[in-house]
Enquirer: 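My structure is below; once you've seen it, I'll send some questions.
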Protein chains: 2
Amino acid sequence: MKVKATDIGQMASASDVIFDALRTAITDGSLNEGEVLRQDHIARMFNTSRIPVREALTRLEEQGLVTTQRYRGAVVAALSIEEIQEIFEFRALVESEVIHRSVCNISDDALKLATSYCDAFSASTEPSKWGDLNRLFHYSLYQECGRPYYLQIVNGALGRIERYQRVQLTITNGLERANKEHRAILKACVARDADLAAELTRRHILGASRSLTDFLKEHRGAPHAINAAPAGNATGKPARRTGR
Amino acid sequence: MKVKATDIGQMASASDVIFDALRTAITDGSLNEGEVLRQDHIARMFNTSRIPVREALTRLEEQGLVTTQRYRGAVVAALSIEEIQEIFEFRALVESEVIHRSVCNISDDALKLATSYCDAFSASTEPSKWGDLNRLFHYSLYQECGRPYYLQIVNGALGRIERYQRVQLTITNGLERANKEHRAILKACVARDADLAAELTRRHILGASRSLTDFLKEHRGAPHAINAAPAGNATGKPARRTGR
DNA sequence: CTTGCATAAATTGGATCCAATTTACAATAT
DNA sequence: ATATTGTAAATTGGATCCAATTTATGCAAG
């Protein structure tokens, strides 16, 4: 009998690989907002043609992570402070609902796992991992809500603002407060107090929004100047194309 | 001075045209769920190559309107009753929040417009227009919530279940109840009673969910047998490919 | 008549090529 | 020196072609 590809799981297509790589690069901040994504540059990085690159960029645009203009290419999406606030507020609404539903069914195993992520988060000294650990902690408490669509939406919303949240945690030392709030949320979940867990989650997210946007209002005279600017791009004009 | 394309607005690319056409065909039910979408068939319909078709399908998949398997192509997504219920419940959560925020700022013009859509909805005898009019009515009450991201999410959620809702309105004569509920919502908005408008919207959506899923549980022994099946496809096997 | 396998047809993912458009740059006029 | 304009380079959208894979069909064996 011939072995079909489906028997050993769906092999990732080239566009999937590119999509995943670009997505993580955008969400973790490796790619600065406003940065231009050239199709054949990316294609060369992955040793493919531009076709799968375009498919990946299309998907990223559909998720709101890049914006595209005809014949002008894709740039990493930049969110205004108002847009960031809106997404945090939306997360507060949906995630409080999600954790409320989840706590009712939550298993001891899930609580154990959440605790271990919580510990790892507070113990980690590697800023590049805070985003992942934070996400893993929260998601481990959401898993048993029985609402995959909600989780998908939450994931999309989080993907858009994760890069900013990481900056805020790193720079304003928001780690301590996040940690305390995580402990409180976890405690409420262990006690199976759904209302409390929901309310604490809501405040946790809105609080993070507050300190992040305060930070951005301070440090963002210009729209996109969080990370170090790439060399020679201090002017408003597009960077001159350097040779390949 | 040379006229740039951007000066006369963004010209729609071929993939945009195809995307829009397929999206409306899926949301309004012209394409049955489970139906297979062949790339070069669609390409021939639009006199293009398969490249822009693939881009359109990629975007539709990202929105959850089609599902794709490697080398096996795209099919119009079919939602289980549980998934439909979940999306309605999600809409109830988000749309009640949206209308609550909107009513605080709503203008008399917006109320006038909403009234005209409400009237058109109740007067219309054309089932194919109910979906549009229903959407226009609700959206006209949402416009001034000042939360574009919420509206974008609502639009995505609605796009997934619109086809089913249309079926329900058509078949179970849910029109009368929808109409009454629309009047009540509108009245609450005119009175600037945000809490009431939100609660009525919540119940309106959950009620629609209830009657739709009841209907589906009744009429859906087989997963995808709402609309008339295409000729010669009564068996579970895929239809034999007819000549081009 | 049904089942199993070999082979052909159909279909998708990706590479390469071409046209449309934008952007950079040099030459020129003011 | 600065603005302007024409041209070349860079870049994207799309068409056509090829390889990988799946699906259908025909033929032999039971």
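Computed from a predicted structure; not experimentally measured. Proteins get letters first, then strands, A, B, ... in listed order; numbering begins at 1 in each. Atom set for the values below is all heavy atoms of this structure, side chains included, hydrogens, waters and symmetry mates excluded.
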Enquirer: Using a cut-off of strictly less than 4.0 Å, decide whether A:R38 has a side-chain nitrogen or oxygen near OP1 or OP2 of D:dT12.
Expert: yes
Enquirer: Kindly indicate whether the side chain of A:R210, heavy atoms from C-beta on, has any atom under 4.5 Å from the side chain of A:Q85.
Expert: no
Enquirer: When you check the phosphate oxygens OP1 and OP2 of C:dA10, does a side-chain N or O of B:Q39 lie under 4.0 Å from one of them?
Expert: no
Enquirer: Return the value, rounded to whole Å, for the distance between atom CZ of B:R70 and atom C1' of D:dT23.
Expert: 17 Å
Enquirer: In whole Å, I'd like the distance from the CD atom of B:Q69 to the C1' atom of D:dT23.
Expert: 14 Å
Enquirer: So which nucleotide from C:dT16, D:dG14, C:dG13 ends up closest to the side chain of A:S49?
Expert: C:dT16
Enquirer: Tell me the interatomic distance from B:I51, atom CD1, to C:dT12, atom P, rounded to whole angstroms.
Expert: 12 Å
Enquirer: Is it the case that the base of D:dG14 and the side chain of B:R54 share a donor-acceptor contact (distance under 3.5 Å, atom types as modelled)?
Expert: no
Enquirer: Provide, to the nearest angstrom, the distance between the CG atom belonging to A:D40 and the P atom belonging to C:dA15.
Expert: 13 Å
Enquirer: To the nearest angstrom, how far is B:F19 atom CZ from D:dG13 atom P?
Expert: 16 Å
Enquirer: Looking for any heavy atom pair under 4.0 Å, which part of the strands does B:I18 touch: base, sugar-phosphate only, or nothing?
Expert: nothing
Enquirer: Between C:dG13, D:dG13, C:dT22, which nucleotide has the shortest distance from any of its atoms to the side chain of A:R72?
Expert: C:dT22
Enquirer: To the nearest Å, give me how far apart NE2 (A:H41) and C1' (D:dT12) are.
Expert: 17 Å
Enquirer: Please give me the minimum heavy-atom distance between B:T48 and B:A14, naming the atom from each residue.
Expert: CG2-CB, 4.2 Å
Enquirer: Let me know the distance between CD of A:E61 and C1' of D:dG13, rounded to the nearest Å.
Expert: 14 Å
Enquirer: Expressed as a whole number of angstroms, how long is the span from B:I42:CD1 to C:dA10:C1'?
Expert: 16 Å
Enquirer: Mind checking B:L57 for me? I need base, sugar-phosphate or nothing, with any heavy atom below 4.0 Å counting as a touch.
Expert: nothing
Enquirer: Of A:S13 and A:Y71, whose nearest nucleotide on DNA chain C comes first from the 5' end?
Expert: A:S13
Enquirer: Counting only distance, no hydrogens or angles, is the base of C:dG13 paired donor-acceptor with the side chain of B:R50 under 3.5 Å?
Expert: yes
Enquirer: Using the side chain to side chain contact (heavy atoms under 4.5 Å, CB included) rule, take B:Y139 and B:L151 through it: C-alpha gap first, then chi angles, then the decisive distance, then the call.
Expert: CA-CA 9 Å; B:Y139 281 19; B:L151 293 182; over 6 Å; no
Enquirer: Considering only NZ, NE, NH1 and NH2 on the basic side and carboxylate oxygens on the acidic side, decide whether A:E162 and A:R166 come within less than 4.0 Å.
Expert: no
Enquirer: Could you tell me which non-hydrogen atom of A:R220 sits nearest to which non-hydrogen atom of A:E33, and how far apart they are?
Expert: NH2-OE2, 3.1 Å
